[in-house]
Colleague: 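Shown below is the structure under consideration.
Positions are given from 1, in the same order as the sequence printed here. Bear in mind the structure is a predicted one, so any value in this text is a computation, not a measurement.
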Amino acid sequence: MTTPTGDIAKVRHPGAGKRKTRPAAKGRQPDPGALREVAELLGDRARRRDLLIEHLHLIQDRYRHISARHLLALAEIMRIPMAEAYEVATFYHHFDVVKEGETPPPPIAVRVCESLSCSLAGAEGLIAALDDGRLGPDVRVVRAPCMGRCEAAPAVKAGFNDIDNATAGTVAEAIGNGDIEIRVPDYQDYDAYVADGGYALLKEILAGKHAPETLIETMEASNLRGLGGAGFPAGRKWTFVRMERTPRLMAVNADEGEVGTFKDRFYLERKPHQFIEGMLIAAWVVEATDVYIYLRDEYPGVRVALETELRKVRDAGLDSSTEIHLRRGAGAYICGEESAMIESIEGKRGLPRHRPPFVAKVGVFGRPTLVHNVETLYWTPEILAKGAGWFTGHGRHGRTGLRSFSVSGRVREPGVKLAPAGITILELIDEYCGGMADGHEFKGYLPGGASGGILPASLGDVPLDFDTIQPHGAFIGSAAVVVLSDKDSMKDAAVNLLKFFEDESCGQCTPCRVGCEKAVKLMSNGAWDGGLLDELSRTMMDASICGLGQAAPNPILTVLKYFPEDVS
């Protein structure tokens with residue numbers, strides 16, 4: 001805009017120069033009591049904008065909801081607009097925001113997973129049994145998406161406590177006993193890990209006994225690929241990030257929200273230090289000044305364990321080359337997408353970014369960022385210590401490496417199964433899962449969670465690995481395997497998965513937001529219109545911003561292709 005000059009600049013509005021004053025400050029003013037309460041909660045914590053979600057958790061944990069008065073007080077203390085605080089708080093499922101004049105919800109939330117594995121195990125009946133008021137006036141029953149405990153379906157979280165293989169009786173008993181607090185898993189602590197040879201490699205690296213280039217060569221030779229689902233070669237990613245400007249950062253995706261996935265929790269609950277060592281090695285290689293661990297909120301026991309053990313790592317001086325920040329998710333599947341996760345780390349809504357630029361160039365706080373999944377880092381120290389040949393020595397059917405399969409559904413022995421890459425689903429069921437559950441005949445399977453599609457038993461001899469099942473219209477992703485039987489409707493399974501995507505869409509782009517909603521309606525209304533669903537699916541795949549909308553149609557297309565009798 002051009003600055004006014006000459007005579008035009010002399011034209012003034014009548015009354016100009018007389019400054020008006022207000023008798024009171026503009027807008028709603030924070031309650032002094034709420035300001036005091038929030039300030040006490042925050043204590044000496046920094047008031048930085050990127051810590052907004054962390055501070056919202058403090059309020060939610062303390063009061064079991066976030067009132068308008070506390071939200072306004074937090075915005076005032078952090079010096080951010082109330083609208084900005086509100087839009088972030090209402091984006092995430094785990095924040096119960098109560099508007100002015102509304103009644104707060106009952107303080108105890110009983111979350112019942114309704115995703116596929118839990119649905120197969122009777123989640124709907126459990127919800128109906130719990131929703132009859134038997135748990136008392138202080139309890140509310142909430143339908144929840146996958147909570148990462150698919151091997152123990154149906155899964156329930158009462159307050160902060162996980163109840164596996166839940167029944168109405170066990171949930172009522174837990175509530176009656178006040179058993180709603182965090183349970184910390186029995187894990188290998190720092191001393192035990194060091195006694196077992198842990199951190200020896202990291203100490204050598206910090207002492208200058210290994211060059212970054214040598215470590216990268218070993219990683220590339222191992223062909224370890226990103227085990228969060230994308231499958232990008234880990235060593236190559238290190239190389240790309242090292243080529244970028246400094247300072248560089250690192251982010252760890254521990255927000256496994258894919259339906260059927262629980263392998264990261266499995267390793268974090270048992271050997272967190274193997275993951276931490278791998279993380280610190282990767283951070284050293286790319287010279288990351290800071291590391292941000294983004295942990296899903298459904299894993300409170302893991303969070304307590306990591307907080308405890310990271311202090312020990314810090315006391316031992318093993319994080320001398322980087323600073324570690326543990327960030328807490330808030331119930332948003334979309335934050336498993338790396339750029340949405342980065343937005344959340346920065347304290348914002350988890351909306352995926354348009355790419356390019358990619359996060360290796362413009363990541364956390366605009367800096368080049370290395371992003372890895374928990375399991376990828378878990379294998380890093382073992383591969384570097386034992387050599388690439390140790391890892392590539394495993395495998396079947398022409399594939400190499402190891403895969404951690406999260407297996408749930410109609411098998412006798414669900415759980416995390418460490419198996420050779422390239423194993424078939426039939427081999428996995430028979431050799432690692434004790435066969436099919438009694439009374440069930442193998443009919444189909446999800447090779448890669450909700451996004452990976454549904455394949456028939458006739459494709460049970462296809463090797464399970466990256467690039468092997470794409471020709472059949474599916475993909476392995478994070479290796480979340482859900483086994484279905486002749487007692488299951490593939491149509492009902494697909495509807496369940498699309499409802500999950502409908503609920504979890506961030507809403508940023510129309511193809512995903514509207515597409516998921518329309519798909520659920522079309523799929524739930526009698527026989528499927530294959531042509532219309534195919535057209536809708538192609539639009540979503542072509543036009544959605546991120547992988548959620550692009551992969552959401554996979555269950556539709558694979559069921560139409562392989563199970564037409566279920567949808568006619």
Side-chain angles (χ1 to χ4, degrees), residues 114-125 150 153 259-260 407-412 414 424-430 433 435-464 468-477 480-502 515-541 550-568:
E114 63 174 351
S115 292
L116 184 57
S117 298
C118 290
S119 178
L120 297 176
E124 285 300 323
C150 318
V259 171
V407 185
S408 61
R410 307 299 194 180
V411 294
R412 282 200 183 97
T424 69
I425 185 63
L426 293 174
E427 293 169 338
L428 185 65
I429 293 171
D430 291 341
C433 302
M436 293 292 293
D438 293 339
H440 291 269
E441 182 179 335
F442 182 41
K443 180 179 179 179
Y445 64 106
L446 283 68
S451 304
I454 305 176
L455 295 179
S458 59
L459 292 176
D461 57 353
V462 175
L464 295 175
T468 57
I469 52 182
Q470 280 92 325
H472 305 286
F475 61 85
I476 194 168
V481 175
V482 183
V483 178
L484 304 173
S485 78
D486 58 328
K487 302 294 192 298
D488 302 316
S489 162
M490 302 298 119
K491 174 184 177 181
D492 290 347
V495 171
N496 180 285
L497 299 175
L498 264 295
K499 285 182 177 179
F500 170 79
F501 289 126
E502 179 186 17
C516 289
E517 177 189 354
K518 297 300 182 185
V520 169
K521 289 180 180 178
L522 290 171
M523 297 163 70
S524 304
N525 189 23
W528 287 10
D529 184 332
L532 187 57
L533 280 169
D534 182 79
E535 182 180 356
L536 175 62
S537 297
R538 301 299 170 188
T539 300
M540 293 173 63
M541 296 168 76
Q550 294 163 8
N554 284 336
I556 303 173
L557 296 175
T558 49
V559 168
L560 283 171
K561 181 176 182 179
Y562 296 114
F563 304 97
E565 69 282 358
D566 278 26
V567 298
S568 58

Colleague: Roughly how far apart are Met541 CE and Gln550 CD, rounded to 0.5 Å?
Modeller: 8.5 Å
Colleague: First locate atom CZ of Phe442, then atom OG of Ser458, and finally report the distance between them rounded to the nearest 0.5 Å.
Modeller: 9.0 Å
Colleague: Return the minimal non-hydrogen interatomic distance between Thr424 and Gly460, and the atom names on each side.
Modeller: CB-O, 3.3 Å
Colleague: Checking the side chain of Asp461 only, and the main-chain atoms of Glu427 only, is there a donor and an acceptor separated by less than 3.5 Å?
Modeller: no
Colleague: Would you give the length of the straight line joining atom CD1 of Ile469 to atom CZ of Phe475, rounded to the nearest 0.5 angstrom?
Modeller: 8.5 Å
Colleague: Quick check for you: to the nearest 0.5 Å, what is the distance between Asp492 atom CG and Asp566 atom CG?
Modeller: 8.5 Å
Colleague: Would a distance-only check, ignoring hydrogens and angles, find a side-chain to backbone donor-acceptor pair under 3.5 Å from Trp528 to Met523?
Modeller: yes
Colleague: Are any non-hydrogen side-chain atoms of Asp488 and Leu120 less than 4.5 angstrom apart?
Modeller: yes
Colleague: Looking at Ser489, is its backbone amide N or carbonyl O close enough to the side chain of Lys443 to form a donor-acceptor pair, meaning the two atoms are under 3.5 Å apart?
Modeller: no
Colleague: Give the minimum heavy-atom separation between Ala153 and Ser117, together with the two atoms involved.
Modeller: CB-O, 3.6 Å
Colleague: Under the 3.5 angstrom rule, does the side chain of Thr558 hit a backbone N or O of Ile454 as a donor-acceptor pair?
Modeller: yes
Colleague: How about Leu446 and Leu497: do any of their side-chain heavy atoms sit closer than 4.5 Å?
Modeller: yes
Colleague: Could you tell me whether the side chain of Lys491 and the main chain of Gly526 form a donor-acceptor pair under 3.5 Å?
Modeller: yes
Colleague: Do Leu560 and Val567 have side chains that get closer than 4.5 Å, going by heavy atoms?
Modeller: yes
Colleague: In Å, rounded to the nearest 0.5 Å, how long is the span from OG of Ser408 to CG of Leu116?
Modeller: 7.5 Å
Colleague: Between the main-chain N or O of Val520 and the side-chain N or O of Ser524, is there a donor-acceptor pair closer than 3.5 Å?
Modeller: yes
Colleague: Looking at Ile556 and Ala519, what are the two nearest heavy atoms and their distance?
Modeller: CD1-CB, 3.9 Å
Colleague: Any sub-3.5 Å donor-acceptor pair from Glu535's side-chain atoms to Leu532's backbone N or O?
Modeller: no
Colleague: Under a 4.5 Å cut-off applied to non-hydrogen side-chain atoms, are Phe500 and Glu114 in contact?
Modeller: no
Colleague: Taking it one step at a time, do Leu522 and Leu536 satisfy side-chain contact (heavy atoms from CB on, under 4.5 Å)?
Modeller: CA-CA 10 Å; Leu522 290 171; Leu536 175 62; 4.1 Å; yes
Colleague: Mind checking whether Val407 and Val482 have side chains closer than 4.5 Å, heavy atoms only?
Modeller: no
Colleague: Starting at CD1 of Ile429, measure out to CE of Met436 and round the result to the nearest 0.5 Å.
Modeller: 5.5 Å
Colleague: Counting heavy atoms not belonging to Lys561, are there more than 12 under 6.0 Å from its NZ?
Modeller: yes
Colleague: Check for a donor-acceptor pair, side chain of Asn554 on one end and backbone N or O of Ser451 on the other, with a separation under 3.5 Å.
Modeller: yes
Colleague: Strictly distance-based, threshold 3.5 Å: is any side-chain N or O of Asp486 a donor or acceptor partner for the main-chain N or O of Glu441?
Modeller: yes
Colleague: Taking all heavy atoms of Gly439 and all of Lys487, pick out the closest pair and write down the distance.
Modeller: O-NZ, 2.6 Å
Colleague: Identify the two heavy atoms, one from Glu502 and one from Cys516, that lie closest to each other, and give their separation to 0.1 Å.
Modeller: CA-CB, 3.7 Å
Colleague: If we only count heavy atoms from C-beta on, is the Gln470 to Ile476 side-chain gap below 4.5 Å?
Modeller: no
Colleague: Using modelled atom types only, decide if a donor and an acceptor are shared between the side chain of Tyr445 and the backbone of Leu459 within a distance under 3.5 Å.
Modeller: yes
Colleague: Looking only at heavy atoms, what is the nearest atom pair of Val481 and Pro447, with distance?
Modeller: CG2-O, 3.9 Å
